[in-house]
Structure formats: C-alpha cells, structure tokens
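This report concerns only the one structure given below.
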There are 2 protein chains.
Amino acid sequence: MRRPRVTVIDIAQAAGVSKSTVSLVLQGSPLVKGTTRAKVVETMNELGYVYNRGAANLRQTGSKSGIVGVVVNDLTNGFFAELAVGVDMVVQSTGFVQFLSNTGESIDRQREVVASMREHGISGLLISPARATDAADFAPLIEAGIPVVVVVRSLPGGKLSSVVADNPNGVASAVRHLASLGHRRISFLGGFQDTAVFNERLSGYRAAVTAAGFGLDESLVVPAPPSRAGGADAIARALAADDRPTAAVCFNDAVAFGACDGLRARRLEPGRDFAIVGFDDVIEARTAVPALTTVSVDPQAMGRRAGQLLLKQIAAGRVSSEAITTSVRLVVRESCGAKQLAAHG
Amino acid sequence: MRRPRVTVIDIAQAAGVSKSTVSLVLQGSPLVKGTTRAKVVETMNELGYVYNRGAANLRQTGSKSGIVGVVVNDLTNGFFAELAVGVDMVVQSTGFVQFLSNTGESIDRQREVVASMREHGISGLLISPARATDAADFAPLIEAGIPVVVVVRSLPGGKLSSVVADNPNGVASAVRHLASLGHRRISFLGGFQDTAVFNERLSGYRAAVTAAGFGLDESLVVPAPPSRAGGADAIARALAADDRPTAAVCFNDAVAFGACDGLRARRLEPGRDFAIVGFDDVIEARTAVPALTTVSVDPQAMGRRAGQLLLKQIAAGRVSSEAITTSVRLVVRESCGAKQLAAHG
DNA sequence: CATAGATGTTGGAACGATCCAAATCAGTCA
DNA sequence: TGACTGATTTGGATCGTTCCAACATCTATG
C-alpha cells in the first residue's frame, strides 16, 4: 500500500536528466529546452508525481508557501460565508490556497488558530477578528513580515491593513430614505455596543437624524444580539415605549428579519404598518416576504477586494498599512413601504 | 524587518543543549529531564520561536502533516457552513487544522483544490463532492494511503468511507406525518434528478406513498433547483395541475421557503391552506413565519461524526471503507398545519 | 582558429526539523 | 573499585526541494 513517494530524483533518473533540470521544469523556467521539458513532464505524469510544497517551501527564502490564512468569527452567518467565498475566488485564481478557520467569536480559539497557521507558514493572514481582539495580537506576524488584512471589523491601533464597509454612510442613507417617506421617529435596532461596527453604524444614524432636524432620542437606540432572535426582542422593546417609532433601521439583515417576525406577532405588517430597513443584503433579503429594503454591502465583493489587497502585499514583500472602505448602497424593496406609497400616489 | 527565522539550533545554543534535545522537547518526549525541558521552553518563549511544521513534516514518514482537507460544494448554503463548523470542532480539538475550500459545484475547481491539498500534504480528505463527481477521482489518494471520507452525497463505487443522512426514512416520516393529518395528494418538490441525494429522498417518498395506499402519481414529483427560487417555481408548477396537491414535502429547506413564498404570492397561507415540510432544519427554520416543519439532520453533528471517522482512519494509518448513515428526525412546527389542527380539535 | 557569448545542464550545499545509534552521566551492586 | 544499569543527551544522516556556481555545448564573430 504505502509505496515510497515519487520524488524529483526518481523523475530525473527515469527521464535521464538531473534533478536540477526537473526542478527547473517544475518552476516553469524558460531555461530548459522544449524537448527536455516535454520529456520530463511526461515521466512525471507516468510515475504519478506529486509536488511536495513543504520541501520546496523549506528551501525558499521567506514564506512563499502559497497559503493564505483566512479566519472568520462566524461561518454559519451567511455574510461571512459569502465573504470567504469571495476571498477564495481571488486567492485561488492566483494559485494560492486558503486555510479557512472559524473562531465562533472565541478569542482563545482565534489565538490557537492563528498560531497554528503560522506554524504552517502562511504567507498572509486575512481575518475578521473576534470581538474584543487586541490589535497587538498580530504584532508578531507583521514583525515577521507576514501581511495581515483585517476585514469587516476594524481594529483600532496597530499598523494593520483593513477593508471595511462604509457603515456610517450606509445607515445614514437608510435614515434619509425613511425620512423622505415621512417618518419622524426612526429607531436603530440591534448590535453589540462594544463593537466598532456598531459604533460606526450608530454614528451614521446619529448624524443623519440630527441633520434631518429630528431631535436625538437615545431611547430609540435599542442594542441587542445581532441575530434574528435579537431583532424580535429589540422591536418588542421599541414598541413598548410610550412614543412609538414608526420605522427602524436595523443593525443587520438578521435583526431586520427578526424585527419583521416581531411585528407580525403583534399583527403589524412590515412595510405597511411599520417600515424596516436592514443592513448587509444577504441572499434571502430579495426573496423574503416582504422583500427587505436593505443596505447592500456585497460581502463577496468585499472578500475579493480584501483578498486582492492581501495578495498585493504578499507580492510586494513588504507589509504596509492600507485602509479601504468599500462603498455601500441602499436597495429599496418592500419592507420600507416605499413601493406601496408609490402605488397609492 | 525580515530577520532570519529562529530555528531549533538557535534555541539549542541559547539554552546550552543540543538540537536533538530541543526536538525531543518539541515532541513532548518523556525522555528529557524536567529541568532541561523547562529551560528549553523558556528560551523558546524568549526568542519567539515558531515551529516549522513544513520541515518536520518533511522528515516524518508518511504524511503526519496535521492538516485535513475539507471540501464543500456550496459554502454559501448554511447547511454546508454548519457542516464545516462541525468538522472544524473535532478536527481542531485534536490539534489538526483544516484546510477548507469551496468548489461551487465546479468539478474542475474541485480537481484543482484537491490536487493543491495533496501538494500540501494533507493527512486526510473530507469532501462533499460536486455534482457528477466520479469516485475514481479519489483513487490516487487512497492508493497513497490518504483516507477519504465523503459526506452528504454518497458516491457509488470506490472504496471510500461515507457519512450520509438517512434520506429515505426522513422523507418517509414526513409523508406519514402529512398522511396522518389527512392529506391524500402529497407533492415532492425540488432537487436535481441526477444526484444521489435526490434519488434517496424520492425513494423514501415513493415507499411511504405506496405504503399509505395512495396511488403513485409521478406528476406530483416536481424537480427544480434546490434553492429558494427553485422552490417558488416548483410550487407554481405543482399548483397548475388539474388535481392539485394539498401538501408537499420539499427537497430541502431552501425549496420549502421558496414554496412558502410562492403560496403567499397566490394568497395561500402555508400551514393553513397548504401544508409544507422541509428537509435539513437550517437555523432559520425555527424562527421563520410560519415556523417550518422539517426533517432535522443536524449538519453540525454530521460534520463532527464525519470528522471523527476521518481522524480515526488517519490514526489507524490504514484506509478502510466504512459507511455511516446518520439518523434524522421530523420536527413538527407550524408550516404543516398540525398545530392549527390540534388547536381546533 | 581561438574566443566570447548564448544556451542548457548539472552536482553539491543549503533549508529546519526528526530519527537513530552511540555516547555520556549518575547511581547501584558485588 | 569497576562493571552494570537505566536515564539523558547528542552528533550525524536524512527527508524533497531550490539555489548557486560551474560546466558543457553550440554558434557567431574577429
């Protein structure tokens, strides 16, 4: 069963050349003659040769391992799955492979995973950090010349590159849209207060609300876990207030769906009796009933963007600190009531 | 910037021992004296040593790389994301790391990915194969002593191990449940006809329908892409027939959600006017409105199970062919109408 | 005809770990 | 004391590849 590995030396002997020549062929060097190359390639196929990247990697200076580490905090969230797929696309098209791991928001797990990836000699790391991650955790990596790109959640301090969505503008445009539909009391639902993303989105909310001339009422801001259940909970609390809001922009689509559930449970129809806007534009947003008006961030594109940035830095062989914010855009569907309004008007 | 790597030799010199001793410490060998070990460990921390698995792996016989390859066909599908998370749990708890890739149902991509993983020296492969994958594609792997476990979709032929859900029984129990609620014309919606999973589920449908004494009406079987859009399409076709069905079991939850959308578009309320049962029990099934009655397969548990099987085979150092079917269970919620019936009765 | 470039090819010496057989050390026993 | 024992430690040799400097071989030039 376990016959010995086929190595370059075996190939060399069978093809009647030296191992150096085989190596040259492997690297696609233009130095070898066409006929020689053909012969070598043929014997490789014949003997079923498989390249040993570990060995190659050992000799190669620095870490040209061809592996990039990708770490996300919650793979079961469609947003991150899409993101990972986007990264995979660009990473794979350049011959790299990705090493994807999930931390499930555990900072210990994250540390383990990153350490393990380092041992395996990743040439770069792309990470959506778990909550409460310290930027300093990645200092050893960049010190060793391994570029690190942080996605989705920005990490204050440290000279890391980052790719994040334009959160303030996204929420602000949602608020403006709701205001243009006549809403005056607009809630902001869901999200954990100790995250950078929450604060970015909240700042967009505040800016737009004050710009519209509505008073800033902090009771309209209802933090909650960024999940469907959290959304249902948040809308319940928002509706319990004396001076009810008539619309809400939600921390993300999961919260928005939860809010819709909560509305229905109270015999209120989202889009007709209450306006809901989400954030993310996950796949289901389009097909849900009612279709969700949401701020589209296109996670896959974001993943591609981040992947490109990382690969660029790997190619440059020098870690730099570049911050990209990807633009977002409001997608008007049904849950905000705009369509119904238009039909009546 | 790029200071030279810290190696075992550096550690050895700094700690005043030989590289062999350092190596022994690295492997946690009981041969080294406690005080020596402590000194070595300390200097490792001091100098910021990182283990080079590639180098170790080179010398080590066989492929004890500590990497397992995980390949799924559609990561954006929550089911597979959950599965991957389950695999990651067990894999990571034993010190392995996973190398996760997505094929997006492309068989070429799958080939590339698997080849790349081999080059990186994976010790085992866990794969949910893309459609129309040939079992023979994995022959080189198992010939080289690398265990392969196929999940979710079984692959006829070949001596691969597999972990699949008990599809026939799942669908059969759904059909029996609908029959017990009084339905006589029950549709089977969605799924690609050329997949093993479809045929397994369909066989369960047929068996249960004939066992219940209803005639087998092939027009009640409506294949469609296993997506939300496919579900909407399938229900439309099912309702267009003369002798309409009154209930449907769907290929998966995505199809079921799509079917619900389609019903609402026709002013039919799922659970009241038409009974819907899904398959998979994705996270949203619980929180959707109406909550989806579905066959629960617990993808995360399935992932864990598959991961354990793979690790077992890696540990045994001998590839064997073991087939596991994980049991499923019908979760009755609202979309089948059972709750409403009970309330009235 | 000698020489200088091109153009291909090649044998060692790395890379950073592990493994093995042999060496060293400290007790113990006769 | 000296042989014997078990516990620790240690130099190479080695894994499969790349890199480098040197070597052939061939062609064009003076």
Side-chain angles (χ1 to χ4, degrees), chain A residues 2-41 43-44 47-67 116 118-121 123 144, chain B residues 2-41 43-44 47-67 118-121 123 144-145:
Chain A
R2 178 145 302 161
R3 72 286 195 62
R5 234 182 189 295
V6 179
T7 79
V8 275
I9 298 189
D10 300 324
I11 303 295
Q13 278 173 347
V17 295
S18 81
K19 62 184 167 47
S20 303
T21 304
V22 177
S23 173
L24 257 9
V25 170
L26 246 18
Q27 307 172 251
S29 160
L31 289 178
V32 301
K33 197 158 59 173
T35 63
T36 316
R37 176 194 308 283
K39 191 168 49 184
V40 170
V41 169
T43 36
M44 287 200 308
L47 302 192
Y49 172 73
V50 311
Y51 185 66
N52 185 337
R53 234 171 246 276
N57 186 30
L58 183 56
R59 188 65 177 78
Q60 241 138 0
T61 23
S63 39
K64 291 189 54 204
S65 63
I67 309 179
S116 178
R118 255 201 103 181
E119 291 185 357
H120 282 285
S123 349
Chain B
R2 178 144 302 161
R3 73 286 194 64
R5 235 181 188 296
V6 180
T7 78
V8 276
I9 298 190
D10 301 323
I11 303 294
Q13 278 173 347
V17 295
S18 81
K19 61 184 166 50
S20 303
T21 305
V22 177
S23 174
L24 256 8
V25 170
L26 247 17
Q27 309 173 252
S29 159
L31 290 179
V32 302
K33 200 160 54 174
T35 63
T36 315
R37 174 193 311 281
K39 190 169 49 185
V40 170
V41 169
T43 37
M44 287 199 310
L47 302 191
Y49 172 73
V50 311
Y51 186 65
N52 185 335
R53 234 171 247 277
N57 185 31
L58 182 56
R59 189 64 176 75
Q60 240 138 2
T61 24
S63 40
K64 290 188 55 202
S65 63
I67 307 178
R118 256 200 101 182
E119 290 186 357
H120 282 286
S123 344

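Naming convention: chains lettered A, B, ... in sequence-line order (proteins, then strands); numbering from 1 in each chain. All heavy atoms count here, side chains included; hydrogens, waters and symmetry mates do not.
Within residues 9-18 of chain A, the residues that place at least one heavy atom under 4.0 Å from DNA chain C are, in residue-number order, A/Val17, A/Ser18.
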N/O contacts under 3.5 Å, protein versus nucleotides 21-26 of chain C?
none

Check nucleotides 5-8 of chain C against the protein and report each pair of N or O atoms closer than 3.5 Å, with its distance, or say if there are none.
none

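The side chain of A/Tyr51 sits closest to D/dT17 out of C/dG16, C/dT10, D/dT17. Looking at the side chain of A/Thr7, the nearest of the listed nucleotides D/dT14, D/dT17, C/dT10 is D/dT17. Looking at the side chain of A/Lys19, the nearest of the listed nucleotides D/dT10, D/dT18, D/dA13 is D/dT18. Residue B/Arg59 places its side chain closer to D/dA13 than to any other of D/dA13, D/dC19, D/dT9. Listed nucleotides C/dC19, D/dC19, D/dG16 differ in distance to A/Asn52; the shortest reach to its side chain belongs to D/dG16. Closest to the side chain of A/Thr21, out of C/dT18, C/dT10, D/dG11, is C/dT10.
Separating the NE2 atom in A/His120 from the CG atom in B/Asn57 is a distance of 8.5 Å, to the nearest 0.5 Å. Summarising the geometry, atom CZ belonging to A/Arg37 is positioned 11.0 Å from atom OG1 belonging to A/Thr21; distances are rounded to the nearest 0.5 Å. The distance from the OG1 atom of A/Thr7 to the CG atom of A/Leu47 is 10.0 Å, given to the nearest 0.5 Å.
Rounded to whole Å, atom C1' of D/dT17 lies 11 Å from atom CZ of A/Arg5. Computed from coordinates, the A/Leu58 CG to D/dT14 P distance equals 17 Å when rounded to whole Å. The distance between atom CD of A/Glu119 and atom P of C/dG16, rounded to the nearest whole Å, is 15 Å. The nearest whole Å value for the distance from the CD atom in B/Gln60 to the C1' atom in D/dA13 is 16 Å.
In terms of the side chain to side chain donor-acceptor pair (under 3.5 Å) criterion, B/Gln13 has no residue partners (sequence neighbours excluded).
The minimum heavy-atom distance between A/Ala12 and A/Ser18, with the atom names listed, is CB-C, 3.6 Å. Residues B/Val6 and B/Gly48 approach most closely at CG2-O, 4.5 Å, considering heavy atoms.
Projected onto DNA chain D by closest heavy-atom contact, A/Ala56 and B/Ser20 fall at different nucleotides, the more 5' of which corresponds to B/Ser20.
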Please tabulate, one pair per line, all N/O donor-acceptor pairs under 3.5 Å involving side-chain atoms of residues 24-36 of chain B, not counting sequence neighbours.
unit_1: B/Gln27; atom_1: OE1; unit_2: B/Ser23; atom_2: OG; d: 3.2
unit_1: B/Ser29; atom_1: OG; unit_2: B/Leu31; atom_2: N; d: 3.0

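When side chains are defined from C-beta on, A/Val50 counts as touching A/Arg5, because their heavy atoms get closer than 4.5 Å. By the 4.5 Å heavy-atom criterion applied to side chains, B/Thr43 and B/Tyr49 are not counted as neighbours.
Between B/Gln27 and the phosphate of C/dC19, there is a side-chain N or O to OP1/OP2 separation shorter than 4.0 Å. Note on B/Ser23: every side-chain N or O is 4.0 Å or more away from OP1 and OP2 of C/dA17.
Axis angle, first five pairs versus last five pairs of the helix from C/dC1-D/dG30 to C/dA30-D/dT1: 70°, rounded to 10°.
Among the atoms of the strands shown, base atoms are found under 4.0 Å from some heavy atom of B/Ala55.
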